[in-house]
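The structure under discussion appears below in the form of structure tokens.
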Amino acid sequence: MYHKEKSIQIKNSASALYNNLSVLRIAPRRLTHFTVVHANMVNMVSASWDGLNYTHRQLQSKEPNVATSTSLIMQAAFCVLPSRDLLVVTSQKGIQMYESDGSIMVYWHALDTPETATGSVCPRDIYLSLSHSIGVSSGAILVFDVPSKGSNITLSEVLEEHKESITDMASECSGSQECIANLVTADDGGNLCVWKSGEEFQLLNKIPGFDMSCSSVKLWKGTAVAGYGTGQIRLYEAVTGILHAEINAHARWIYSVDIAPFSGLLLSAAEDSLVRVWHMTITPETNSVEVAHLHNECVTDTQICGAKFCDGDGYAFAVTGYDLSEIIRYIQS
Amino acid sequence: MSSRTLPLLFINLGGEMLYILDQRLRAQNIPADKAKKVMNDIITTMFNKKFLEELFKPQELYSKKALRTVFDRLAHASIMRLNQASMDKLYDLMTMAFKYQVLLCPRPKDILLVSFNHMDAIKDFVKDTPSILSQVDETYRQLIEMYTPLSSGEFQLIRQTLLIFFQDMHIRVSIFLKDKVQNSNGRFVLPTSGPVPHGTQVPGLIRIFSCTGEEFTRLKFNNGGNYTTALREGSFDIFGDRVTKLGTNMYSVSRPVETHMSGTSKNSAQHTKVSAAPNPLAKEELNLLARLMGGLEVQKPGNADTGFRINLFATDEEEEEALISRPDELSYGVINIQATKDQQANAELAKIMGEFTESGDQSPSVSNKGDDLLAMMDGL
């Protein structure tokens, strides 16, 4: 179903962090940006679609009063907002936001120790304002308002519901006229919180985790798809918390799940060296969910730490692994 | 990252060091009483109360340099000496062994079981000496107190912190190559077979549920591996069957311990560049180290005749050759105290160093005691 394509070499190896690969497709310029975290640095590679040009850039975490920072980075993720894209880097000392090509830092938010910016960042897009949210190790979620241009980014809200460190977050614009974006946030105890955005965020539901860490979560057609440390993937109807499907997917801790929204393909990757592709059929009107397993790829002797589809159809996906200095790519045969 | 990583790093590396030294003491036919003294001295120093108190405080991991210096001192806590090349090799073996154990742990919490395996072996080394035994028992209690309440997510964070510490280390170890747990490129073999971790199901099942919570479809899929159900859980008590073999002594059968420097991958070079910063030691680290050293008690060796040298290589010539041919990027850069600019810290360290004595094979001149001790430290 998929075959391996030429890998992209990166300047440093990937660190063992959840969701350690972020991909941004820039169709008008026919290129794709990839980011991979190595300790205190973000390796960014921009690959042209014809496979001929690769540009590399490295970003470091930022700390007050220190020229070169050694503070470790937890995640680097692209944030796609309606009128702009940002690269958000979260570290032990704070949060930095860059223009999506990594060229200019537009915002820096320092955190008081011992809090660490962890988990993910995902865009929230509502009628009146644009913003995105970032999770921290205390369990709080910071919501930022982002203007369509410039660096006047402000902290607008702090959501405190989780008691444990935030590991991942996902959002989805539901597509109705009001474009109500829903947000699901996951923490180290495996608990999922489901939010509705509006003037302020509203907590819709809490799905308990039974003390098993959720390392990666995505939201699609109102269904939260979560990957856990036990190697299970669970599909929940977000608003009600009804469990639709449970997959004994991996033999080790899952590090990444991703969804290709136009085709319903699901990608999961774990420490067990395996990447698996699934297909989901979700019909919210009839509450029916189907899941089929399609494909396995084994990255020999590698604990995978990041896996993402490179496009909305799932035609291609990319993978990173601990101690590996390349981004491995697969495309559909 | 986790601020509770250092005790586990130290105890496991220390355990590996003891396994290797024990094997070399036997291989070099060191008399039993001397060998026992060395092991006892090192273990006493490792489990010194004040030192452990400092270690167990929540803190960031030390830099590679600082940790290497601690182990240098630990290895020299008795009448035994090691040359630079042997010390380098010892440290390579220790770190690669623990990296292997961390990577292969089925679930993050199993790192604690690995630590207990090391502790169990250390306890066995000193079972005839009640005073040291009680120090070891106290450490078990501290480990249990600190780590058993942690969640699986917190253990994974500890594991990730350790993996960042070990990033890009691919030194090939002869025993690992022979046992086929390491490839010739230095990377460890991660099997897609065997028992799944405790708490995980064998992959291969998709279950679909109705809205009322009843399962109404089951689908199987090919998991691409050869997995079996989980083994029983190991014991997290002071005594008990740990179940896992990771962290047990793999040198107990007398096998030569070699590392291969040639053909080490480029990645190792990238990694050590990070630690070769212009200022070799931040002031903070130096103070920390001084406090640690203050906790390290060293026994006076008596006269020079009781001292001896351990070689991690088959011959002295090999050892010399290894020192010359060791690639620059893999040198550990043990702390050169003279390079620091902080006079006060220097003086403090000198004072602490004054409590140490060497086995007499250094040749300091008589004058300023502080300078001599610093010079001795540099000479290690």
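The sequence lines fix the lettering, A, B, ..., with proteins before strands; numbering per chain opens at 1.
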Interchain contact, [X] with chain A, by part (heavy-atom threshold 4.5 Å):
X: B:Pro191; answer: neither
X: B:Ser152; answer: both
X: B:Phe188; answer: backbone
X: B:Val189; answer: both
X: B:Arg159; answer: side chain

Counting C-beta onward and ignoring hydrogens, is there a side-chain heavy-atom pair between [X] and [Y] closer than 4.5 Å?
X: A:His293; Y: B:Leu219; value: no
X: A:Val277; Y: A:Tyr2; value: yes
X: A:Val257; Y: A:Val217; value: no

Any side-chain donor-acceptor pair under 3.5 Å between [X] and [Y]?
X: A:Ser213; Y: A:Asp188; value: yes
X: B:Lys65; Y: B:Thr69; value: no
X: A:His244; Y: A:Thr223; value: no
X: A:Asn20; Y: A:Thr320; value: no

Considering only NZ, NE, NH1 and NH2 on the basic side and carboxylate oxygens on the acidic side, decide whether B:Glu16 and B:Lys99 come within less than 4.0 Å.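 So B:Glu16 does not pair with B:Lys99 through a salt bridge.
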Scored by heavy-atom pairs under 4.5 Å with chain B, the best of A:Ser288, A:Ala249, A:Gly189 is A:Ala249
Heavy-atom distance under 4.5 Å to chain B: side chain of [X], backbone, both or neither?
X: A:Leu274; answer: side chain
X: A:Ser15; answer: both
X: A:Ile242; answer: side chain
X: A:Tyr228; answer: neither

Counting heavy-atom pairs closer than 4.5 Å to chain A, which one of [options] comes out on top?
options: B:Ala230, B:Pro203, B:Gly153; answer: B:Pro203
options: B:Gly224, B:Cys211, B:Ser210; answer: B:Cys211
options: B:Thr217, B:Thr192, B:Asn223; answer: B:Asn223

Using a 4.5 Å heavy-atom cutoff, which residues in residues 296-306 of chain A come close to chain B?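 Within residues 296-306 of chain A, near chain B: A:Asn296, A:Cys298, A:Asp301, A:Thr302, A:Gln303.
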If a pair satisfies salt bridge (charged side-chain N to carboxylate O under 4.0 Å, His left out) and one of its residues is in residues 242-252 of chain A, list it, with sequence neighbours excluded. A:Arg234-A:Glu246, A:Glu246-B:Arg207
Ring-plane angle category for A:Tyr330 and A:Phe317, please: parallel below 30°, perpendicular beyond 60°, tilted otherwise. parallel
B:Phe236/B:Tyr147 aromatic ring centres below 6.0 Å: no
For A:Asn43, the option from A:Lys11, A:Gln58, A:His56 that meets side-chain hydrogen bond (donor to acceptor under 3.5 Å, both in side chains):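 That would be A:Gln58; it is the only one of A:Lys11, A:Gln58, A:His56 passing the side-chain hydrogen bond (donor to acceptor under 3.5 Å, both in side chains) with A:Asn43.
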